Every structure is written in structure tokens, then in C-alpha cells.
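A short write-up of the structure that comes next.
Below, all heavy atoms of this structure are taken into account, side chains as well, without hydrogens, waters or symmetry copies. Each chain gets a letter, A, B and so on, in the order the sequences are listed, and its residues count up from 1. Keep in mind it's a predicted model, so treat the numbers as computed, not measured.
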There are 4 protein chains.
Amino acid sequence: MFIHAPSFTQRPRRRRSRVIATPRTDPNEKRRRILDAAVQVFAARGFYNARVSDIAKEAGVADGTIYLYFKNKDDLLISLFEDRMEVIIADFRRKLTGTDSARDQLRIFVETHLQMVADQPSLAEVLTVELRQSSKFMREYKAPKFQEYLGLLEEVVERGRQTGEFRRDLDPRITRRVLFGALDEVSLYWVSTRRKPYTLERAAKEILSICATGVFSAKELKP
Amino acid sequence: MFIHAPSFTQRPRRRRSRVIATPRTDPNEKRRRILDAAVQVFAARGFYNARVSDIAKEAGVADGTIYLYFKNKDDLLISLFEDRMEVIIADFRRKLTGTDSARDQLRIFVETHLQMVADQPSLAEVLTVELRQSSKFMREYKAPKFQEYLGLLEEVVERGRQTGEFRRDLDPRITRRVLFGALDEVSLYWVSTRRKPYTLERAAKEILSICATGVFSAKELKP
Amino acid sequence: MFIHAPSFTQRPRRRRSRVIATPRTDPNEKRRRILDAAVQVFAARGFYNARVSDIAKEAGVADGTIYLYFKNKDDLLISLFEDRMEVIIADFRRKLTGTDSARDQLRIFVETHLQMVADQPSLAEVLTVELRQSSKFMREYKAPKFQEYLGLLEEVVERGRQTGEFRRDLDPRITRRVLFGALDEVSLYWVSTRRKPYTLERAAKEILSICATGVFSAKELKP
Amino acid sequence: MFIHAPSFTQRPRRRRSRVIATPRTDPNEKRRRILDAAVQVFAARGFYNARVSDIAKEAGVADGTIYLYFKNKDDLLISLFEDRMEVIIADFRRKLTGTDSARDQLRIFVETHLQMVADQPSLAEVLTVELRQSSKFMREYKAPKFQEYLGLLEEVVERGRQTGEFRRDLDPRITRRVLFGALDEVSLYWVSTRRKPYTLERAAKEILSICATGVFSAKELKP
DNA sequence: GATGAATGAGCGTTCATTCAT
DNA sequence: GATGAATGAACGCTCATTCAT
């Protein structure tokens, strides 16, 4: 199920070339290149330690060019969030609409989340680590796309409660945080570890199992 | 059970005075004051946006004084981790030894964690947010005390598996991340929200409930 | 022969202007301006008391600009040495090749050295005073250009010994130090004194005379 | 004649001891210890890179104690000059009064100077290197003792001119600089080189020889 | 007198951002 | 649009000096 480190995650490394100058760049090809570079550089050094010029170099553009597409460094990170989350959320929506079963939807959610981590570890690292900072470094930024993402999860929980698949006494606001937290923490650990102690496929099963039926043994539940 | 925002988190604001200097401070009273100030300032502005002079001002000491107790700004954050986690871990150990039941231990763990969050929200914010960054900004720093904390959680899981209270098929490495992730995410949300949508007491019950028996409704488990 | 304090040593004082920015500066015109400014400021205040911002102001550039051309303050001093010594050495070489007589070469060397002092007193002050420190403040820096300068002097001595113009029993390693020391000390005194007690032309003759035939009166040499 | 690196130059390294506290310190035993330490530390690191606390540690006293004996760091260097030069000058005077011959006096001067360098290389390094800076870093300080030292040399030259031992046409102001420069440069090179390329005994002979009869070969003087 | 913890002015350096070309 | 040299505000850290003990 999970394919690790696909070619997708390999940055194109389009280096500056003084001879062959940008062959037929479409309107926001540059913008995309800059965002790709930002993902790599933020993942590698963290937002605060990343220099705008690092990103420019990685993207193969001049420093000033970044400011043609983004207001400032903060905006670069925010745009990165918005941009990538949009794609991710669309992907989730597409997959989730394939079934009416909340149990299946939960499975799909967990699997898709971890698949994204496997496919785009750098992006996962940025979203996982820097998103936390965001509420701090930009007081006004509310990460609407992240709210939307959590909203997806809440919808699944809500549906489960309504269909009776999930317990009725769950508080969806808390439950979504618990589920997201579990996913996020496992993801963070996975992307930041050199030697992976377990596959994400395995992690997906375990997370699902715990979230579905808990850690208590079945016999304990009987009496 | 949970007491919110105790006076502990209010900074004393002992300002410098040219007249009344050095009021017979015991050896590491200064060190403690600086660490307390660092917690507040890092929580309020984040590590990277916090200025060393902010912390000095908050602690009521001169900028240079901080460098008598800490090697540099990084060391201040690391020391803060080590220092506070040590106390927290000792507290956990003390409480966990009160029972042999893994189910009780899990409850105690969750409650103690959230109680800490309630008691020291600023500290919780720093530990929650900045710890993530730490692996990034200080490549060599391995956060040993955090490993120890996770170790406590793993011990509980391991015990539960051995006593039969918890499912035998759990992978303790993953399970501890799932449990910690749930706790951490709920904590992060709680400390970073102005209007608290639920009490931490409520959150503790919910987290425990989900982790213990999962989100699936009981009837679903029967067949 | 010796022309004192030419306009060369007067700094241009091109001040920053928010209106007329970057007046079509050729590639390393800025670099030259910064080095010129560094000579003035180091001469006026000494390396350690000179602030990088002083040099920037003197050069009419922003503080940060200096770091586009030099690694750091130390590098600025080292670069200054290398840069100026290169020109000086080339000048010496050119002049020395005009004759085969070691006696003439020695005269030319002394005159050229003191002429440089007269023409560029600030530079002379920096080279004279700060060069001594350099072996101290930058343990690794070996002042290769200074070695080359001493090498020139040694070549003259060596040639004199071979042509028989100079005494055969001279140790060139010591002799070059003696000659350089005499020149350097007179130069240092001259540049650091307000009211000049003698002209450098006079000093050149005296130094030559002493080095050529010594201080003993001729009659003493007879018996 | 020259004895290299005598025990004198080995610093006593009287380390602080919390048990045996300063056994019967005479009035300015501390002052002497501080000056000794300053010589070592200034020689090792240079005036500007030396920290007052380094000197205090080397002297085995508290940082603040230094300010009981010296006004500030500058004053420490000045006092060091005055103090040591006084002893050196007295030594020179004693030795120079032993003869009426200017030629002998010149020999004694050169030998005594280089003997001092051999005996107290650290002191020589400080006097040689930092003295140059002094006119720079302390505009007002005129190094009276250094003037006195040069005065000694001038007296020798003056006497030589009067007795007819030295050439009458010498300018004593310039000649003293030439002689001192030769001595100083050779000394500087000698103290700052690890592997000594020649003994100071040898250097003394060479310097004397050059200063006495010059570098020109005798036959050249005839016609 | 002696101590050394504390002070805080001062400075080297970085890097996000601008703007003339 | 694209560039990248230039800018200068900002800040971490040092260390000479002070002064309560």
C-alpha cells in the first residue's frame, strides 16, 4: 500500500544556468518552483534558520524574484500551507466520497494521511513542525486550511456517530484532535528518524486499531 | 480536579533597581528566575522571536547575567527542557508507583499530563511547540528527557500487555506515540486557544475513553 | 624628492544619499572604497578601536556592504595588507630592476620605502603598527606579502655580497632585519609625530649612510 | 654570553587556593603578581585579546582586586611599561657607566638589550609589540620611559661623536632610531619565532658589526 | 583589603527586503 | 518580469568595570 520515497519527493534541482535561461516558463511555473524549493529548505533547516536566499538558490531564481510572487518570508510559508493543503484536502475529499461507511472513511483518512507522509516527507515535516510555530510567529494567521483539514476529520466522526458506527458519546471537537494528534505524532517521528523502526503501513494499521477499539483487551470490556 | 492558570504562571516582574541591588540571592535563585522568565517569553513569542534581552528584563537581571548561567540562547532552551522535564518526570514516577494496575496508570498518566498543562500552560506551550523545533535547530540535541518521558508511557503500555489489561498485539513503540500524540495535540490546542471550548478534565476523560475502548460503538464490536 | 601628505591620503567622504543611489559603480570600485576607508580608519584609531561601522561610514556604504566584499573584520585587515603590499612590491621590483649595482639598489630601496611613507602616511601607519599585531591576533596569518617584501631586501643584500659591493661575512637573514628595522622605526616615528623633526629625504640619506659605512668614524677603521 | 629561557621567564603559576589563603603577602606583592601575570597574558594574547579576568586568574587574584592596584586595563599596560622599563633602564645605566668608550657603550647597549630579550621573552614581546599600539590606543600616553630609553641610546651616540669615536655628521635623533629599530626588529622576530634561526649572541655581533662599519665592503671605502 | 557576581554599553555580523538596472 | 548588489535594523554575546559583602 505505502510506497516509500517515490520520485515525487526528489526535488528537480533545476539549477541556475547562465547559458540556457529559463526555457518557456509558463506564468506561475516560477511560483511553483519557489514553493517546491521552500518545502525543501524549510524541511531541511526549519523556517527560522532558512534564508530566503537559500530558497532562491534552490529554486534557481534571484532573491528579489521571490518578492514578485510572495509578500515576504512569512507569506511564503503561509502560501506554502494554503497551496499544499488545498491539494491534499481535495485528494482527501475525493477519496472519502467513495464510501458512506464512517469506518471505511476513517481507514481511508489514516491511510491517506500516512501515504502523504510517505510520498512527501519534506512537506510532511514542514506541515508538522512549522505549522505549530505558525500560530506563534504570525499571531493573526489562523491556518484556515488546517481548520478545514480538521473539519474533514470531524465530519467523519460526526457521520460515524450518526450512523451508529461510532460511539454517540464522543465529543467531535476532542475526538478530532485525538485522532489528528496520533497521526501527526507518528508522522513527525517517522519523518525525523533516519532508520525507520516500522513501516507507515504498519503504523496505519496500529493507529486504526487503537482508535477503533482502544488499547484495552477485549475481555476487559465484557463485564 | 484541574485548576486553571494558577498564580505560578504569573511572572514576578522584579525590576532592576540601582538602589537596592542583589537582595541576598541564594546560589541558583537567579538561575531559576531566568528559567522562569524564559518559559514566559518563549511561550509568548516563540524561541526565535524571543530576544535574550526580553528574558533578562522579565527575569529582572542584566543581559549579561544570563550568560553567567547559560552558554547561549540555545543552551537556555535546552536547560529549560532538561530542568522542567526532570521535575515533571519525577512527579509522574511518584504518581505512577501508587498502583499496579496499568489501566489506572494510564489514567494517572493522562490526568497528570493534562494537570501539568492546566497548572503551567506557558511551560506546556514551550515544551509542546519548541520541542518540535529543537530536533531541527539543534541537530545534535536528542532531548533525552523527552525520550525518558516517552519511556514512562511505554512502560505503562508494556505493563498492560503483560498483565493482560491491554491488548497483547499492541506495538509499544507505536502505541506510545499514538497516546502521546493525542495528549500533546489536545494540550497544544488548549493552551493556544483564548476561549477554552472544553475543560481539560473533560478532555482527559475523552482521551482516556477513546484510547481505552476506541471510537467504534460497542455493538459494532460484538459480531 | 619626497612629497609630503599628498591629496591621495585625503578620504573622499562620499556620503550615502537616499536620492542618488549606486552611481554606476564598476565591479570592485566598492571594494577599493572600503579598503581606502579601512586604511584611514585603522590608521586613525587602530584596528581594535576601529568600528566596522566607522569604516562603512567613511567608505560611504552600509555596514552590511562590507561583508559582501570581506569575510569579517580580520579579513578586511588581511586583505588590506595583501592588496597594498602587492602594489608596493610591484613598484619596488620595477624600480630595483633599473640597476645591477647593489649599492644603488639599496639606495633605491630605502628611498622608495620612505617615499611610500611620505605619500601614504596612513597606509604606512597601518602596515607599520598593525602588522606587528597581526601575528598575534591571527595566529594562522603569516603575512606572506611581508615575507616577500623582506625577500626583496634580502635579494639586494645577497647580490651585494656576490658582487663584492657588500661585506661577504654578512648574514642575510639578520642583515635584512637590521635594515628593515631601521627603516620601519624611522617611518613609525615620522608618521606618528605631529611636528616632523626632519624630512624623510634627510632620514633616507642618514639611514643609507649608517647602513653603508656604519657609525664609527673613518679614522677608527684604519688601525 | 646569552642564556636562553632562564627560569625567570617561567611564571610561578601561583594558583588560587581556597585552603591556604595568601601566606603573609607583603604590601605590593599582589601588585607584582598582577604585573607578572599581565606580561604573560599580554604576550600570549595581545593587549586587546587579553581579558582582565585572564590576568586575574593567572595572578591568582579576583578580578576586582586588579582595580585596587590599577585604574583600568590601560593603566595596567602603562604601569607595566613604566615598571619594567625603570628596572631595565637602571640596569642599562649601571652597565654603561662602567666605561668611557662610546664604542664599548654601544656594544654593551646592544648586548644588554638582546640579553633582556633572551631572559624575558614575554616582556620583550609586550614591549616590542604593544608599545607600538600604545601611542595609538592612548593618545595622551607618551611613554616617557621609552623616551628615556631612547635617550640612553642618544647619549651613547652623542658621546661617540664628541670623543671622535663616531662620525661627527651623524644626526643623533635619526641615529638612535636606526639603532633602536635594528635592535627592536631583530628582537621581535626572535621572540615570535618558534625555531630560532640564529642565536641572539650571533645577532648581537652582526648588529654591532653593521652599525659600526656598515654593510659596504672595506675595499669600497678606500677610494 | 579582597572578592566575584552582576552589570550593561558596545559591537560584529546577519539577512529580509528593496530597487536601479 | 527578473536580477542581485546594497541596505540597515536588529540582536546575540563579550568583557571591562563596579560594589555589596
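- A straight line from CZ of C:Phe47 to C1' of E:dG12 spans 11 Å, rounded to a whole angstrom.
- Here the options are A:Arg84, A:Arg31, A:Lys30, the test is salt bridge (Lys or Arg N to Asp or Glu O under 4.0 Å), and the partner is A:Asp36; only A:Arg84 passes.
- Between A:Tyr69 and F:dA2, a side-chain N or O to OP1/OP2 separation shorter than 4.0 Å is present.
- Annotation: side chain of B:Val61 is not in contact with side chain of B:Ile55 (no heavy-atom distance under 4.5 Å).
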Per-residue pairing states of DNA chain F in dot-bracket (Watson-Crick or G-U under 3.5 Å; . unpaired, | other strand) read .||||||||||||||||||||
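- In this structure, A:Asp63 places its CG atom 16 Å from C1' of F:dG1, rounding to the nearest Å.
- For the pair A:Asn49 CG and E:dT14 C1', the computed distance is 12 Å after rounding to whole Å.
- As a whole-Å value, the separation of B:Asn72 CG from E:dG12 P is 21 Å.
- Checked against salt bridge (charged side-chain N to carboxylate O under 4.0 Å, His left out), B:Asp54 has the following partners two or more places apart in sequence or in another chain: B:Arg45, B:Arg51.
- Between A:Leu68 atom CG and F:dG4 atom C1' there is a gap of 12 Å when expressed in whole angstrom units.
- In this structure, D:Arg51 atom CZ and E:dA5 atom P are separated by 16 Å, rounded to whole Å.
- In this structure, the side chains of D:Pro144 and D:Glu82 come closer than 4.5 Å at one or more pairs of heavy atoms.
- In this pair, A:Phe47 and A:Phe42 present their aromatic rings tilted. The plane angle is within the 30 to 60° band.
- Residue A:Ser53 places no side-chain N or O under 4.0 Å from the OP1 or OP2 atom of E:dC15.
- Between the D:Lys145 side chain and the D:Asp83 main chain, no donor and acceptor come within less than 3.5 Å of each other.
- Between A:Glu29 atom CD and F:dA2 atom P there is a gap of 11 Å when expressed in whole angstrom units.
- Within the structure, a side-chain polar atom (N or O) of B:Lys30 is placed less than 4.0 Å from OP1 or OP2 of E:dA6.
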